[in-house]
Amino acid sequence: MAFILLSEPIRKYLYDKGWEQLRPIQIAAIERILTTDNNYILSSRTASGKTEAAFLPILSKVNFNEIGVQVLYISPLIALINDQFSRIEELCKYLDVSVTKWHGEANRTLKTHLVKKPSGIVLITPESLEAMFVNRTFYVKELFSNLKYIVVDEIHSFIGTDRGVHLKSIISRLQNIQSKPFIIVGLSATIGDFIEAKCFTGNELNTKVLLDRTIRPINAHFRFFEQESEELPIDLLIDLYFEIKNDKVLIFPNSRGRAEEVAVKLKKISEKENGHQNFFSHHSSIDREIREYVEYFAKNSIRQNFCISCTSTLELGIDIGTVDEVVQIDSTNSVTSLIQRVGRSGRTEGESSNLFLYATDQWNLLQSLACWLLYTEGFIEPPLRNQNPYDILLHQALSITKGHSGIKLNDLREQLNKNFSFTQIDLSEIDEIISHLIKIDLLEKLGQEVIIGVEGEYIVNNHEFYSVFKTEENFKVINAGNTIGAIPFSPQIKEDVNIFLAARIWKIISVDFEARKIDVIRASDGKKPRFFGSGSAVHSRVRDKMLQILNCDTVYDVLNQQCLSEISRMRKDFAIYQIQDIKIDRPFLCAKKNLQFYTFTSTKINQTIDLLLDLLEIESSLDDKRSMFEFELSRQYFLKNWNSISKQLINLDSYLDRLLDKNLHIISFSKWGVYLPKKFQIKLIKDKILDIPGTELFLNSIRLVGDI
DNA sequence: GACCTGCTGCGGGCTG
């Protein structure tokens, strides 16, 4: 059925390709896209043919003889655009349709060709679209006012993020210049909840989800090697080496520094054992060319084995070919992340694949097991709902004003008000934000018009303006004129120190603070580089599961003997609290020197409680990995205050108000939030860092058990 | 001891 619906050239393409059958998601997509005008979210795991599922029917349906770009493909990564370009171009040869890459590193001459004769398909990033709206408002209309389809790849990576709100706003602005609305097709990995995904099109009711839940059978193996120093246990590395030496492997050690440590040390072991030398590291601090070489090597090594030690740079769908095994060292912070990483292995249809989960301490073992169990139960964290994106609205207000080279105040208000990315924000709030922008000279009012103000010019004319996320400042690492990568400054960076980078060892020869350059030469021993960063939040379901594991006697067959005995040691430790009901009982211990309180709840709720304790001037320290607070107080004093803590939630606004006076740093997580009126900064902090309703529910339902 | 993502316009120098 599906095959017959496709146009003649597309059928020829399939025939030439020798595809004997289409995948389920492709059949469903072809039938629906070709026979309805709905928006669609195509959801299935990595490498299940989602790109073709979208493009086979779209290319069959669209008449490319019309003037203007007909199909716009939006991707979160340049690397993905380059990957997809060759696939889409191959398809388009059958139709005589032009395909143009448009991103910061794409060929300018080809971009100019497109502007002269707008047609066919364009592959672009959200930031490049933003830049076009800002600098070439006229071209946006010429190019994109006759669009038929927008395809958003890896849409899950945008959902619940600032970048997603930004992209939604851009799509809304594009929809505004059409005479007939375009259709949106989102491509997504398996996600927990589709409401937010559907909202991405601006028309939830008219957006349908096509879901292929088929998952590959995974054999999980847990291992435990306690880490006693700063470095990974050598036993762990040796055990790991013998597990992976004859395979194609991805290792996720959770940080850039550790990724380097793992790559360098495994390579050393392999040297001794006369094994292969294809050990690489892959993360944001490694130069793009070197990363591309690693990806190229992996994709093209049919016979040779390899091992890439990486961070989340290899979580998204960059094509690296077949991977036999995935190794996770210490726990992911979410089930979502675990699913993404597992999805990278065993790309051959019907084959089961191996997952090794190493832990270097008890709490990582417990969290890792909790994530794995939730994964097997089918739980996935629901995406965050960004209810109050005042900061992104502010950014878009500047973008629209700059793009129009001045705009009537009423038009600006109206454009922001009808933008479907900001439906939660009232017109009166938009007015307040615009007035504030005028007050701080980012905008200037001239009669009925607003233009970019004196202070605003610095902001909008900087290339940092096109993105809504912040980036750390880096020092370039250079060896004999070749860039190895770029790392953020840390006290460790000084002459004569040896560091790992790009799976090699380097000695720092000189540091140029002015030019932000580090010169290095090869060395034979050293230490992993240090990186500082903020962590990500753990969902309360993961913490619930951790407590549940501690409070039962199930013997999990994925655990080896060592892991089992660690878990039973923890169970023994927690048995003293005599937990009856894991939903409400939370362990409380009066130790020799301090009080300990285990919340077993989400990172956000912990952070909110931490703030409430500050407000009450109760000194405490939060260890979020253990989900535990420690206090150096008497039990009586703590309990007296604890009972009234939830009442303090109403004082949070005024407390945050005072905090913002003292310390602007607390809003610095938001690139554009720093320019908002204080009232909105407070709302933003409550929305993004804290969880007020969750904390209220938590505090009102739990019961302390143990030394009570 | 905690991740990742993107980037215009303009001018100068060089090549064919």
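Within every chain, numbering begins at 1; the chains are lettered A, B, ... in the order of the sequence lines, protein sequences first and strands thereafter.
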When you compare the side chain of [Y] with that of [X], does any pair of heavy atoms fall below 4.5 Å?
| X | Y | result |
| --- | --- | --- |
| Asp193(A) | Arg385(A) | yes |
| Lys168(A) | Ile171(A) | no |
| Phe158(A) | Pro126(A) | yes |
| Tyr358(A) | Asn364(A) | no |

* **5'-most by nearest nucleotide on DNA chain B - Ser312(A) or Asn461(A)** => Ser312(A)

* **Lys671(A) or Ser255(A), whichever maps to the more 5' nucleotide of DNA chain B** => Ser255(A)

* To do: Select base, sugar-phosphate, or nothing to describe what Leu316(A) touches, counting heavy atoms under 4.0 Å on all strands.
  => nothing

* Check every strand shown and say whether Asp162(A) touches a base, only sugar-phosphate, or nothing at a heavy-atom separation below 4.0 Å. => nothing

* Residue among Lys528(A), Arg258(A), Lys265(A) satisfying side-chain hydrogen bond (donor to acceptor under 3.5 Å, both in side chains) with Glu231(A) -> Lys265(A)

* Asked: With a centroid cutoff of 5.5 Å and a plane-angle limit of 30°, would you call Phe469(A) stacked on dT5(B)?
  -> yes

* What is the ring orientation for His395(A) with Phe465(A), classed by angle as parallel under 30°, tilted 30 to 60°, or perpendicular over 60°? -> tilted

* To do: Could you encode protein contacts along nucleotides 10-16 of chain B as a string, one character per nucleotide from 5' to 3', using B for base contact, S for sugar-phosphate-only contact and - for no contact, with a heavy-atom cut-off of under 4.0 Å?
  => B------

* In Å and rounded to the nearest 0.5 Å, what is the CD1 to CD distance from Ile251(A) to Glu325(A)? -> 9.0 Å

* Asked: Dot-bracket for DNA chain B, 5' to 3', with Watson-Crick and G-U pairs under 3.5 Å, [ ] for crossing pairs and | for other-strand pairs: what is it?
  -> ................

* To do: Could you give me the CA-CA distance, side-chain angles and deciding distance for Phe379(A) and His539(A), then say whether ring-ring contact (aromatic ring centres under 6.0 Å, His included) is met?
  => CA-CA 11 Å; Phe379(A) 171 80; His539(A) 194 269; 5.6 Å; yes

